[in-house]
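First listed ligand is number 1; within each ligand, the first listed atom is number 1.
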Amino acid sequence: MIQCNTYNIHLDDKQALKQYITDSAPTKIIVIVDENTEKFCLPLLESMLSDIKLHTISISSGEQHKTIVTCRRLWDSMIQIGADRHSLCINLGGGVIGDMGGFAAATFMRGMDFIQVPTTLLSQVDASVGGKLGVDFDGYKNLVGIIQDPGAVFMFTEFLSTLPYRQLRSGFAELIKHGLIADEKSYHSLSCLEDLEKVSWSGIVHDSVLIKKSVTDQDPQESNLRKILNFGHTLGHAIESVNLTEADPLLHGEAIAIGMIMEAHLSYAKEYITLDDCHLIKANITRLYGHHPARVPSLELLLPLMAKDKKNKGGNIRFSLLESIGKACFDQVVTTDEIGEAIAFYND
Ligand SMILES: NC(=O)c1ccc[n+]([C@@H]2O[C@H](COP(=O)([O-])OP(=O)(O)OC[C@H]3O[C@@H](n4cnc5c(N)ncnc54)[C@H](O)[C@@H]3O)[C@@H](O)[C@H]2O)c1
């Protein structure tokens, strides 16, 4: 078990989940799923809670459904089920279900208890830790939301066995990021992994969650240190947004993988890491994710998108960069030329 400031994260502990529910004695238990987690993950949850009555709300999967319109559906269903402030909401799914289900529960009747049961690698090592909840609005990611911790998080690495490979690899980008910003040893051992589908995840997920937890515990409201978690995300998010309209859009982690290579080069431009470090990071990441210069928009297209980043201040684009491998810094201002060189470094 990993203890955070206000809640615990349990890893592969079925008994702890049952105990939590017994202790909290909720009036109703609502499980929010999408069609994939309903098919692949709900049976396992039901088997863990076999003698407990669950009310399932199923929504369509995908980021396009992480909206206030879907929240309305969730609130309607909660009312129909007869949920009240003493009910419990279990968010069984990836980051979309966790962010939106948590937001819907935390705002229903001014706050119902909710727990996160993340079922993707990304949601286990990233989205379910740190209390950020919300939905997209008018084309802006996570524009409407709150920061509120769940009652607890229960992770089961068993769920990862049904995850499509691209989704697994997308989540893996966040593990690489955690190593690069906070744990050199873990970064090097993750870089050696050959086949993600043959990995035994428990220890790796545990160590990565510890990194995110230690950062978010120190800065729950993202006033300073927590910004280091955005390494790779300033350029990565901009690349992700441009690709959203493609027939086969890049997944979040695939865009972040490209962003990390570029932002490693920005770290070199600031004389923090060496060019050899950059080449090694690029080689390690492209070995797993391939090399996709055709997916990278021009500097002119990326700049206005990065200008919208929530981390910016006073009109300057702020980056979180690597001070060394395993150590990061935040609020770094770079020049447009340096960004252009970082893009060229990836594309080369
Ligand atoms: N709150 C945070 O701190 C935070 C951090 C990072 C990302 N996020 C958010 O997380 C979201 C992305 O999360 P995600 O990558 O988990 O996406 P997701 O929730 O869309 O899940 C990805 C796909 O995998 C399917 N799926 C989930 N679990 C499965 C399983 N065990 N087996 C088979 N299929 C399964 C889902 O149905 C979906 O189709 C974004 O909305 C992002 O903004 C939030």
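Near T37, the atoms of ligand 1 lying under 4.0 angstrom from a non-hydrogen atom of the residue are 27 (C), 28 (N). Near D34, meaning under 4.0 Å from any of its heavy atoms, are these atoms of ligand 1: 36 (C), 37 (O). Within ligand 1, the atoms closer than 4.0 Å to a non-hydrogen atom of G94 are 16 (O), 19 (O), numbered from 1 in the order shown. Taking a cut-off of under 4.0 Å to the non-hydrogen atoms of N142, the atoms of ligand 1 that pass are 43 (O). Close approach of ligand 1 to N36 is summarised as follows: ligand atoms under 4.0 Å from at least one heavy atom of the residue are 25 (C), 34 (N), 36 (C), 37 (O), 39 (O). Less than 4.0 angstrom separates some heavy atom of K212 from each of these atoms of ligand 1: 3 (O).
Of all the heavy atoms of C41, the ones lying under 4.0 Å from any atom of ligand 1 belong exclusively to the side chain. Under 4.0 Å from ligand 1, heavy atoms of T162 appear from its side chain as well as its backbone. Only the side chain of D99 comes within 4.0 Å of ligand 1, counting heavy atoms alone; its backbone N, CA, C and O stay farther away. Residue contacts with ligand 1, taken as heavy atom pairs separated by less than 4.0 Å, do not involve L160 at all. Contacts of Q124 with ligand 1, taken as heavy-atom pairs under 4.0 Å, are absent altogether. Only the side chain of S61 comes within 4.0 Å of ligand 1, judged by heavy-atom distances. Of all the heavy atoms of T119, the ones lying under 4.0 Å from any atom of ligand 1 are found in both the backbone and the side chain. At a heavy-atom distance under 4.0 Å, no atom of E35 approaches ligand 1. Contact annotation: for Q167 versus ligand 1, heavy atoms closer than 4.0 Å belong to the side chain alone.
When hydrogens are left out, the protein atom nearest atom 29 (C) of ligand 1 is L163 CD1, 3.5 Å; that is the closest non-hydrogen contact. For atom 16 (O) of ligand 1, the nearest protein heavy atom (residue, atom name, distance) is T120 OG1, 2.6 Å. The closest protein non-hydrogen atom to atom 41 (O) of ligand 1 is E63 OE1, 2.5 Å. Protein heavy atom nearest atom 42 (C) of ligand 1, with residue, atom name and distance: K141 NZ, 3.7 Å. Atom 18 (P) of ligand 1 has as its closest protein heavy atom V96 CG2, 3.9 Å. In terms of protein heavy-atom proximity, atom 12 (C) of ligand 1 is closest to L122 CD2, 3.6 Å. For atom 31 (N) of ligand 1, the closest heavy atom belonging to the protein is F159 O, 3.0 Å. Among all protein heavy atoms, the one lying closest to atom 6 (C) of ligand 1 is D126 OD2, 3.4 Å.
Around atom CG of D195, more than 12 heavy atoms belonging to other residues, nucleotides or ligands sit under 6.0 Å away. Heavy atoms from other residues, nucleotides or ligands lying under 6.0 Å from CZ of R287 number more than 12. For CD of E158, the number of neighbouring non-hydrogen atoms (other residues, nucleotides, ligands) closer than 6.0 Å is 12 at most. Within 6.0 Å of CZ in F103 there are more than 12 heavy atoms belonging to other residues, nucleotides or ligands. Atom CD of E271 has 12 or fewer heavy atoms from other residues, nucleotides or ligands within 6.0 Å. More than 12 heavy atoms of other residues, nucleotides or ligands shown are found within 6.0 angstrom of NZ on K213.
In summary, D248 and R166 engage in a salt bridge, as defined by a charged side-chain N under 4.0 Å from a carboxylate O. In summary, D51 and K18 engage in a salt bridge, as defined by a charged side-chain N under 4.0 Å from a carboxylate O.
Following chains of ILVMFWY side-chain contacts shorter than 4.5 Å, one cannot reach I57 starting from I115, and the two form parts of different hydrophobic clusters.
Around atom 13 (O) of ligand 1, the closest heavy atom drawn from G95, G130, S60 belongs to G95.
The closest side-chain donor-acceptor pair between D12 and S202 falls under 3.5 angstrom.
In this structure, K66 counts as a contact residue of ligand 1, since one of its heavy atoms falls inside 4.0 Å of the ligand.
Checking side-chain atoms of K28 against main-chain N and O of S87 turns up no donor-acceptor pair under 3.5 Å. Here the side chain of T70 pairs no donor or acceptor atom with the backbone of K66 at under 3.5 angstrom. Side chain of S61 to main chain of D34: no donor-acceptor pair is present (N/O by atom type, distance under 3.5 Å, no hydrogens or angles).
For H279 and F345, the gap between ring centers is short of 6.0 Å.
Residues I256 and H233 form a side-chain contact, since some pair of their non-hydrogen atoms from C-beta on lies under 4.5 Å apart.
By the 3.5 Å distance cut-off applied to N or O atoms, R226 is not counted among the residues near ligand 1.
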